[in-house]
Protein chains: 2
Amino acid sequence: MTTSAETSAATAPVGPVRLLLADDEHLIRGALAALLALEDDLLVVAEAASGPEALAMARAHVPDVAVLDLQMPGADGVKVATSLRAELPGCQVLIVTGHGRPGHLKRALEAGVRGFVPKTLSAQRLAEIIRAVHAGNRYVDPELAADAISSGDSPLTAREAEVLELAVDGAPVAEIAERAALSPGTVRNYLSSAVTKLGAENRHAAVRLARERGWV
Amino acid sequence: MTTSAETSAATAPVGPVRLLLADDEHLIRGALAALLALEDDLLVVAEAASGPEALAMARAHVPDVAVLDLQMPGADGVKVATSLRAELPGCQVLIVTGHGRPGHLKRALEAGVRGFVPKTLSAQRLAEIIRAVHAGNRYVDPELAADAISSGDSPLTAREAEVLELAVDGAPVAEIAERAALSPGTVRNYLSSAVTKLGAENRHAAVRLARERGWV
DNA sequence: CTCTCGGCATGACAAATGTCAGACGCGGAA
DNA sequence: TTCCGCGTCTGACATTTGTCATGCCGAGAG
């Protein structure tokens with residue numbers, strides 16, 4: 001918020017890019033901070049170890065770019081991104097993930113995330129991507145994008161997904177029925193339908209498949 | 001600290017500690033290498049992104065300490081440690097892990113691993129622990145140790161564990177029976193027994209519990 | 001040696017699950 | 001408007017799964 005030239009054009013940086021780093025693994029976060037600090041146009045202004053903490057830090061320091069791990073205690077990267085989008089529209093979000101499951105990418109993009117990359121990336125590349133995101137561009141890792149496209153959209157209806165989600169911890173049908181306020185027969189029917197659509201052997205295998213593809 | 005003493009005694013370092021770093025996440029590995037390089041008594045001589053690669057690098061460079069991620073493609077940290085123990089007895093192994101499950105710690109110690117720590121650790125502490133391990137001491141993260149002790153040993157018999165393992169992907173009993181060369185009735189009996197011992201609702205919940213505790 | 005205990009193995013029965021045919025309401029196409 | 005397709009919901013029926021009582025065998029105690 002300084003002079004006139006603050007259009008979203010990518011041409012000339014007017015100052016260091018202010019970064020928020022959030023990852024629950026201190027070792028990784030610290031190492032990453034040290035490495036990004038070597039780039040003289042990047043500046044780490046805040047670090048966080050959980051979803052809520054990331055949000056609080058963002059409010060306090062108003063970073064230009066938030067680099068968020070996908071899996072964090074409290075609230076995952078996508079949830080944080082959603083809140084951030086509403087509270088700090090000027091802050092771009094970049095998600096890094098260890099083992100990216102296809103569905104997450106879709107959710108992330110819907111939440112307004114500008115970048116999505118795996119951790120199998122050099123720090124050099126990460127720095128470049130941070131600059132690109134700050135400049136207003138998007139970047140999605142090609143391999144993750146290919147996975148997401150090949151796995152496609154969820155074929156499950158809302159109820160099917162809901163019931164499948166209640167089945168994740170191996171609960172019996174009666175309990176699912178009660179928690180979903182449905183007849184046990186109906187629950188069986190939805191589960192059966194979901195199992196068929198996913199081409200699974202039974203509902204437990206279906207749960208596994210749906211989780212792998214990020215559909216629950 | 002320079003004179004004659006080149007025995008394997010733990011007292012005085014005679015030169016930089018030569019490190020092998022193995023982690024499938026390039027970003028983390030690179031950042032870690034950079035950070036450890038700041039310590040002038042530590043020297044990263046090799047890096048690897050998978051289990052087999054770690055083994056090959058170890059043979060080629062003969063490091064003093066191998067810092068291995070627990071989850072890697074090809075072969076996990078414990079398997080690599082086992083091979084290393086046999087081939088390079090002089091090389092101490094330190095395992096780092098993101099989400100440590102109790103059973104892994106036990107397996108690791110049985111494989112001759114000297115250190116076991118989570119990634120929620122500062123680089124400073126990691127460097128200290130690397131030195132301790134190199135000096136011949138052991139170090140196990142207190143919290144992980146507590147988890148391992150509280151969860152205790154597996155109460156499952158060999159067959160029970162075997163059958164439970166075949167049930168991980170939700171296969172029907174008939175298939176498990178065929179793969180284990182048992183009668184379907186026997187398979188049900190083992191599963192039932194395992195479910196009871198683990199205090200689970202059904203076998204799928206039992207599989208989940210056993211995996212969480214590292215018993216399968 | 002004999003007894004007892006624990007792991008291995010099996011089949012019968014009860015309970016939970018998967019499958020099926022069908023009813024209702026809603027929104028788009030004919 | 002009328003019809004058709006789709007999602008929602010239900011109960012009846014066949015299959016699969018969980019539980020139980022029981023037998024066999026080897027190891028260690030008495």
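By convention in this document, chain letters (A, B, ...) are assigned in the order of the sequence lines, proteins followed by strands, and residues within each chain are numbered from 1. These numbers come from a predicted model, not from an experiment.
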For this session: Would you mind telling me which of A:Val96, A:Leu21, A:Val93, A:Thr97 makes a side-chain contact (heavy atoms from CB on, under 4.5 Å) with A:Leu68?
Result: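 The option that passes is A:Val93.
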Problem set entry | Test log, rule side-chain hydrogen bond (donor to acceptor under 3.5 Å, both in side chains), inputs A:Tyr190 and A:Arg203 | CA-CA 10 Å; A:Tyr190 282 140; A:Arg203 64 179 151 134; over 6 Å; no
Check this for me: does any side-chain nitrogen of one of [X] and [Y] sit under 4.0 Å from a carboxylate oxygen of the other?
| X | Y | value |
| --- | --- | --- |
| A:Asp23 | A:Lys119 | yes |
| A:Glu162 | A:Arg159 | yes |
| B:Glu212 | B:Arg208 | yes |

For this session: Mind calculating the distance between CZ (B:Arg188) and P (C:dA14) to the nearest angstrom?
Result: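 Checked: the CZ to P distance equals 15 Å.
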Exercise. Is atom CZ of B:Arg107 surrounded by more than 12 heavy atoms (other residues, nucleotides or ligands) closer than 6.0 Å?
Worked result: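 More than 12 within 6.0 Å, yes.
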Problem set entry | Spacing of NZ belonging to B:Lys79 relative to CG belonging to B:Leu55, to within rounding of 0.5 Å |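 Output value for this atom pair is 12.5 Å.
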Exercise. Quick one: OH on B:Tyr139 to CD1 on B:Ile129, what's the gap to the nearest 0.5 Å?
Worked result: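 With rounding to 0.5 Å, OH (B:Tyr139) is 4.5 Å from CD1 (B:Ile129).
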Exercise. Listed in order of residue number, which residues of residues 159-185 of chain A have a non-hydrogen atom at under 4.0 Å from DNA chain C?
Worked result: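 The stretch gives A:Pro172, A:Val173 as the residues lying under 4.0 Å from the strand, ordered by number.
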Problem set entry | Residues in contact with DNA chain C, drawn from residues 189-207 of chain B - heavy-atom cutoff 4.0 Å |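 Hits under 4.0 Å, by residue number: B:Asn189, B:Tyr190.
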Exercise. Just to confirm, is there a sub-4.0 Å distance from OP1 or OP2 of C:dG6 to any side-chain nitrogen or oxygen of B:Thr157?
Worked result: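 Answer is no, no contact under 4.0 Å.
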